[in-house]
Amino acid sequence: MKPICVLGNGQLGRMLRQAGEPIGISVYPIGIDDTLETIPYQHSIITAEIERWPETPLTCELARQPSFINRDIFPQLADRLPQKQLLDSLSLTTAPWQPLINQTQWPQLFTELGDFVIVKCRTGGYDGRGQWRITPNNLSILPAEIYGQAIVEKAIPFTGEVSLVGARNIKGQCVFYPLTYNLHQEGMLRASIAFPQPDKKLQTQAELMLSTIMTTLNYVGVMAMECFILNDKLLINELAPRVHNSGHWTQNGASISQFELHLRAISNLPIPTPNIDTTAVMINLIGTALNPAWLSLPLVHLHWYEKDVRPARKVGHLNLCSNNWQAINNSLKTIQPLLPNEYKDSIAWLNTKLIHVPRHNE
């Protein structure tokens, strides 16, 4: 099988490399400033773990390769303006929005979108960065250079956040994981939980939306779609043309992880629908030092990224999977004292989801 070069050498590239080993695919995560001589790119399939990148000798050369899967889709989805325009063109529901061009728009924007809006940089701005919560009283917090480089969205009074991770192969076949329920704090994903049998109505909505997007783009590989739940309907928040943080639970909670599924799809290998028969929990480790005591719990799977620990930096995650929800609940209670106090809210949220979401698998 052809080797795969991954543009980007962060944790996603690392986990793609790990997923390739059991199925005989050599995966090479590469940094944007690596030298071309060290990379077998001319004989490889090329993919990316990041949506956008600067122009370097390496990235310019990779962009010329016809084996770069989704090469022309990345810039479209990495920019929130064409991403929103795509959703509108497909009549897929998203938060009402407008491009932010200049300061004179604000009276009209507040009239059309309401007095509470979210300003987002068109590019970048993930994990809570490059986003501002704006009312008529705090416009001064916006930097002057943001005008012409941002969009404005109506703030949505959502009742929950979910994501759908799916994949499409070269033949147009689409497969999906169950919806993942997510908790964000200060714009960063803190915890996720997925059930073998999610809400059927929401799952059907989400699969139709994501399959429409992937088919329209002729996209190949794994894509994630983040949504708000508003009443009993989904509004698309953002798209990620890659493996996604909210799909990390699939490493231990699915028969095929999102990382292996992506490698299969872009390599034109079979992509059966992954089997999910356990409830799965993922806790992001953010700016948190490694604690070997986590491994004292039999349900805990530790994924450590071997990165320097810094505040607000994702350095690993914990997966807990079981078909016994009470066993997960007990493990969460036991692990809470082994984590910094800031995880208390995340674990409380997970326990609430365990108790109140129907458990069809029991």
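Contacts of Y41 classified as ring pair (Phe, Tyr, Trp, His ring centres under 6.0 Å), with partners at least two apart in sequence or in another chain: none. The ring pair (Phe, Tyr, Trp, His ring centres under 6.0 Å) test applied to H303 returns H317, not counting sequence neighbours. For R168, the salt bridge (Lys or Arg N to Asp or Glu O under 4.0 Å) criterion is met by no residue, not counting sequence neighbours. Not counting sequence neighbours, H244 has no partner by the ring pair (Phe, Tyr, Trp, His ring centres under 6.0 Å) test. Remark: F158 pairs with F228 by the ring pair (Phe, Tyr, Trp, His ring centres under 6.0 Å) rule, at least two apart or across chains.
The two residues L210 and L164 come nearest to each other via the heavy atoms CD2-O, 3.7 Å. Of all non-hydrogen atoms in G13 and V6, the two that sit nearest each other are CA-CG1, 4.2 Å. Across all non-hydrogen atoms, the minimal contact from S163 to S246 is OG-OG, 2.7 Å. Between P198 and Q203, the shortest heavy-atom distance links the atoms CG-OE1, 3.1 Å. What you find for N218 and N70 is that their closest heavy atoms are O-OD1, 4.4 Å. Taking both residues in full, the closest heavy atoms of L189 and M282 are given as CD2-CE, 3.9 Å, listed atom of the first, atom of the second, then distance.
The local environment of CG in D308 is sparse, with at most 12 non-hydrogen atoms from other residues, nucleotides or ligands closer than 6.0 Å. In this structure, K344 places its NZ atom where only 12 or fewer heavy-atom neighbours from other residues, nucleotides or ligands lie under 6.0 Å away. Around atom CZ of R313, more than 12 heavy atoms belonging to other residues, nucleotides or ligands sit under 6.0 Å away.
The OH atom of Y181 sits 9.5 Å away from atom CD1 of I193, with the distance rounded to the nearest 0.5 Å. Considering CZ of R14 and CG of N9, their distance stands at 11.5 Å, rounded to 0.5 Å. The structure places CZ of F176 at 10.5 Å from CG of L261, a figure rounded to the nearest 0.5 Å. Rounding to the nearest 0.5 Å gives a distance of 10.5 Å between CD1 of I283 and OG1 of T288. Atom CD1 of I73 is separated from atom CD of E51 by 12.5 Å, given to the nearest 0.5 angstrom.
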After noting the C-alpha distance and the side-chain angles of I23 and E260, does the key distance pass the side-chain contact (heavy atoms from CB on, under 4.5 Å) rule?
CA-CA 8 Å; I23 57 175; E260 181 179 332; 3.7 Å; yes

Show, in sequence, the C-alpha distance, side-chain angles and deciding distance for L339 and W294, and conclude whether the side-chain contact (heavy atoms from CB on, under 4.5 Å) test is met.
CA-CA 9 Å; L339 290 164; W294 299 329; 3.6 Å; yes

One pair to check against side-chain hydrogen bond (donor to acceptor under 3.5 Å, both in side chains): Q108 and E112. What are the steps and the verdict?
CA-CA 6 Å; Q108 171 253 333; E112 292 188 9; 3.0 Å; yes

Quick one: do E153 and K84 satisfy salt bridge (Lys or Arg N to Asp or Glu O under 4.0 Å)? Show the steps, please.
CA-CA 10 Å; E153 294 180 350; K84 288 285 191 180; 2.8 Å; yes

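For the pair R80 (side chain) and K120 (backbone), a donor-acceptor distance under 3.5 Å is absent. Between the side chain of T278 and the backbone N or O of C321 there is no donor-acceptor pair closer than 3.5 Å. Judged by distance alone, the side chain of Q83 and the main-chain N or O of A78 form no donor-acceptor pair under 3.5 Å. Distance alone, capped at 3.5 Å, is enough to place a donor-acceptor pair between the R71 side chain and the A63 backbone. The backbone N or O of L234 sits less than 3.5 Å from a side-chain atom of Q205, completing a donor-acceptor pair. Counting only distance, with no hydrogens or angles, the side chain of N319 and the backbone of V300 share no donor-acceptor pair below 3.5 Å. When atom types are taken as modelled, the side chain of Y177 and the backbone of G166 share no donor-acceptor pair closer than 3.5 angstrom. Formation of a donor-acceptor pair under 3.5 Å by the Q76 side chain with backbone atoms of D72 is not found in this model. With hydrogens and angles disregarded, no donor-acceptor distance shorter than 3.5 Å links the side chain of T273 to the backbone of V175. Counting only distance, with no hydrogens or angles, the side chain of N330 and the backbone of A327 share no donor-acceptor pair below 3.5 Å.
Each of I335, L332, L318 was scored for a side chain to side chain contact (heavy atoms under 4.5 Å, CB included) with L297, with one residue passing: I335.
Side-chain contact, N284 with N245: a donor N or O sits under 3.5 Å from an acceptor N or O. Side-chain contact of Q85 with D88: a donor-acceptor pair under 3.5 Å is absent, judged by distance alone. For the 3.5 Å distance criterion, the side chains of Q65 and E61 qualify, holding a donor opposite an acceptor. Between the side chains of S322 and N324, not a single donor N or O lies within less than 3.5 Å of an accepting N or O. For T135 and D115, the side-chain atoms include no donor-acceptor pair closer than 3.5 Å. Defined by atom type and a distance below 3.5 Å, a donor-acceptor pair is missing between the side-chain atoms of Q11 and K314.
Between F68 and F74, the ring planes lie tilted relative to each other; the angle falls in the 30° to 60° range.
Cation-pi contact between R190 and Y343: present, with separation from the ring centre below 6.0 Å and deviation from the ring axis of at most 45°.
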Side-chain donor-acceptor contacts of residues 28-39 below 3.5 Å, not counting sequence neighbours, with atom names and distances?
| residue | atom | partner | partner atom | Å |
| --- | --- | --- | --- | --- |
| D34 | OD2 | G31 | N | 2.9 |
| T38 | OG1 | T35 | O | 2.8 |

